[in-house]
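Report on the structure given below.
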Amino acid sequence: MNENPYSAAVLAWYEANARDLPWRRADTTPWGVLVSEVMLQQTPVARVLPAWEAWMRRWPTPADLAAEPAGEAVRMWNRLGYPRRALNLHACARAIVERHGGRVPDSHADLLALPGVGAYTSAAVAGFAFGQRHAILDTNVRRVLARVETGVEYPPKTPTRSEARLAESLLPPEPAVAARWGVAVMELGALVCTARSPKCAECPVIDGCAWVLAGRPAHDGPPRRGQTYAGTDRQVRGRLLAVLRDATGPVPKSALDAVWDEPVQRERALDALVADGLVDPLEDGDYALPA
DNA sequence: GAACCGTGGAT
DNA sequence: TATCCAAGGTT
């Protein structure tokens, strides 16, 4: 008995409309799935595609990456954003080699223990790579459920227990079907039930959508503040790291000083990069990507 | 729980 | 041009 009234329609829609993404192919390894999920954190599919291909070509297994210095991962990450994810993936590779014999673990708890792997990513890898039954609650699923089930345009700013309970209540009983349902709802949110200008005419569950039935009311409540970027420490960190990425070796501090005029903010950003392990201060005063 | 952590395309 | 926001996680 399945308590999910949408699964059949969504699964059928997915069969007909799913994108042919490389990390979804049958021959993709769990490592390939893990790499894709980390790269996709807060990053659009279109920008991940070439990065994933290059990464997997260079480091087809965790052992391949574990054998390299962390700085190589940061350099390879290029401009994908949130470069600590590169560090996390490198640390994942070493943990997988040391604790799991070089194979990506299939248990949800072991996945969750990996650096940079949280509630979403652990569920996604366990589901998509190993066919297990876990609730997937990413930004796409949250938006779909907010509309179809709750009747509001957008979910809360941060995931709630209520959302998690709802997602779990909708899980099909059969693990393989549940895993399929997870990607299918995500894909529906990514292609049809989008944040702006949703394509309701193409939606397979429009007849049961609480938000549509309510007349598609606009989001009420405080505006979800956008993060200004210009002038922030993040921008400074990005510029500093770009210098190190684009250099072939260590760089003098003067090269870093050149990217930002304001010295207090510049030093703070550099110190933070060092504290995060993204930059190594060398004994001679130069700076380098981590060894 | 809020703040922080990059980057670039779309509108 | 400015804002939104994209398969989150950590502190």
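In the text below, chain A, chain B and the rest are named by the order of the sequence lines, each starting its count at 1. Both backbone and side-chain heavy atoms feed into the values below; hydrogens, waters and symmetry mates do not.
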**Item:** Length of the CZ-C1' vector between A:Arg47 and B:dA10, whole Å
**Value:** 13 Å
**Asked** Which sits closer to the 5' end of DNA chain C, A:Glu187 or A:Asn88, going by the nucleotide each is nearest to?
**Response** A:Glu187
**Request:** Tell me what A:Trp77 touches on the nucleic acid: a base, only sugar-phosphate, or nothing, going by heavy atoms under 4.0 Å.
**Result:** nothing
**Request:** Classify the nucleic acid contact of A:Ala272 as base, sugar-phosphate or nothing, counting any heavy atom under 4.0 Å across all strands shown.
**Result:** nothing
**Fill in**
Separation of C:dA6 atom C1' from A:Met186 atom CE, nearest Å, is 11 Å
**Request:** Taking only the side-chain nitrogens and oxygens of A:Arg237, find out if one of them lies under 4.0 Å from OP1 or OP2 of B:dT7.
**Result:** no
**Asked** Would a 4.5 Å heavy-atom cut-off, applied to side chains only, mark A:Val212 and A:Val148 as touching?
**Response** no
**Request:** Check every strand shown and say whether A:Leu87 touches a base, only sugar-phosphate, or nothing at a heavy-atom separation below 4.0 Å.
**Result:** nothing
**Prompt:** Between atom NZ in A:Lys157 and atom P in C:dC5, what is the gap in whole Å?
**Reply:** 13 Å
**Request:** Scan A:Thr121 against the nucleic acid and name what it touches under 4.0 Å (heavy atoms): base, sugar-phosphate only, or nothing.
**Result:** sugar-phosphate
**Prompt:** Does A:Pro44 or A:Asp276 map to a spot on DNA chain B nearer the 5' end, using the closest nucleotide for each?
**Reply:** A:Asp276
**Request:** Please report, rounded to the nearest Å, how far the P atom of C:dG9 is from the CG atom of A:Leu89.
**Result:** 13 Å
Run the side-chain donor-acceptor check on residues 197-206 of chain A: report pairs under 3.5 Å with partners two or more places apart or on a different chain.
none

**Item:** Selection from B:dC5, C:dA7, C:dA6 that lies nearest to any side-chain heavy atom of A:Leu40
**Value:** C:dA7
**Asked** Contact class for A:Pro83 vs. all strands (heavy atom < 4.0 Å): base, sugar-phosphate, or nothing?
**Response** sugar-phosphate
**Message:** Looking only at the side chain of A:Arg84 (C-beta and beyond, no hydrogens), which of the listed nucleotides B:dC5, B:dG6, C:dA7 gets closest?
**Reply:** B:dC5
**Complete:** Atom CG of A:Leu80 and atom P of C:dG8 are separated, to the nearest Å, by 13 Å
**Asked** OP1 or OP2 of B:dT7 sitting under 4.0 Å from any side-chain N/O of A:Tyr229?
**Response** yes
**Asked** If only side-chain N and O atoms of A:Gln42 are considered, is one of them under 4.0 Å from the OP1 or OP2 phosphate oxygen of C:dG8?
**Response** yes
**Message:** With a 4.0 Å limit, can you tell me whether A:Arg79 has a side-chain N or O closer than that to the phosphate oxygens OP1/OP2 of B:dG8?
**Reply:** yes
**Request:** Name the closest nucleotide to the A:Thr139 side chain, picking from B:dG6, C:dG8, B:dA10.
**Result:** C:dG8
**Request:** For A:Ala66 and A:Arg94, work out which heavy atoms get closest and say how close.
**Result:** O-NE, 2.9 Å
**Complete:** Rounded to whole Å, the CD-P distance (A:Gln265 to B:dC4) equals 12 Å
**Message:** Starting the side chain at C-beta, find the nucleotide from C:dG9, C:dC5, C:dA6 nearest to A:Tyr154.
**Reply:** C:dC5
**Message:** Within the 4.0 Å heavy-atom criterion, would you say A:Ala124 contacts the bases, only the backbone, or no part of the nucleic acid?
**Reply:** nothing
**Asked** Distance check: side-chain N/O of A:Tyr82 vs OP1/OP2 of B:dC4, anything under 4.0 Å?
**Response** no
**Prompt:** Of all the choices, C:dA7, B:dG8, C:dG8, which nucleotide is nearest to the side chain of A:Arg24 once you look at every atom?
**Reply:** C:dA7
**Message:** Taking the nucleotide of DNA chain C with the nearest heavy atom to each, does A:Phe128 or A:Val117 sit closer to the 5' end?
**Reply:** A:Phe128
**Message:** At 4.0 Å (heavy atoms only), tell me whether A:Arg19 reaches a base, stays on the sugar-phosphate, or touches nothing.
**Reply:** base
**Asked** So what does A:Gly118 hit on the nucleic acid, given a heavy-atom distance under 4.0 Å: a base, only sugar-phosphate, or nothing?
**Response** sugar-phosphate
**Message:** Quick one, A:Glu53 and A:Leu49 - any side-chain contact, counting heavy atoms below 4.5 Å?
**Reply:** no
**Request:** Starting from P on C:dA6, measure out to CG on A:Asp138 and report it in whole angstrom.
**Result:** 10 Å
**Asked** Is there a side-chain contact between A:Leu34 and A:Ile96 (heavy atoms, below 4.5 Å)?
**Response** yes
**Request:** Run through A:Trp31, A:Trp23, A:Trp77 and flag the one making a ring pair (Phe, Tyr, Trp, His ring centres under 6.0 Å) with A:Trp52.
**Result:** A:Trp23
**Message:** Quick check on A:Arg103: does its CZ atom have over 12 non-hydrogen neighbours (other residues, nucleotides or ligands) under 6.0 Å away?
**Reply:** no
**Request:** Measure the distance from CD on A:Gln41 to C1' on C:dT10 and round it to the nearest whole Å.
**Result:** 11 Å
**Asked** Roughly how far apart, to the nearest Å, are C:dA7 and B:dA3 at atom P?
**Response** 23 Å
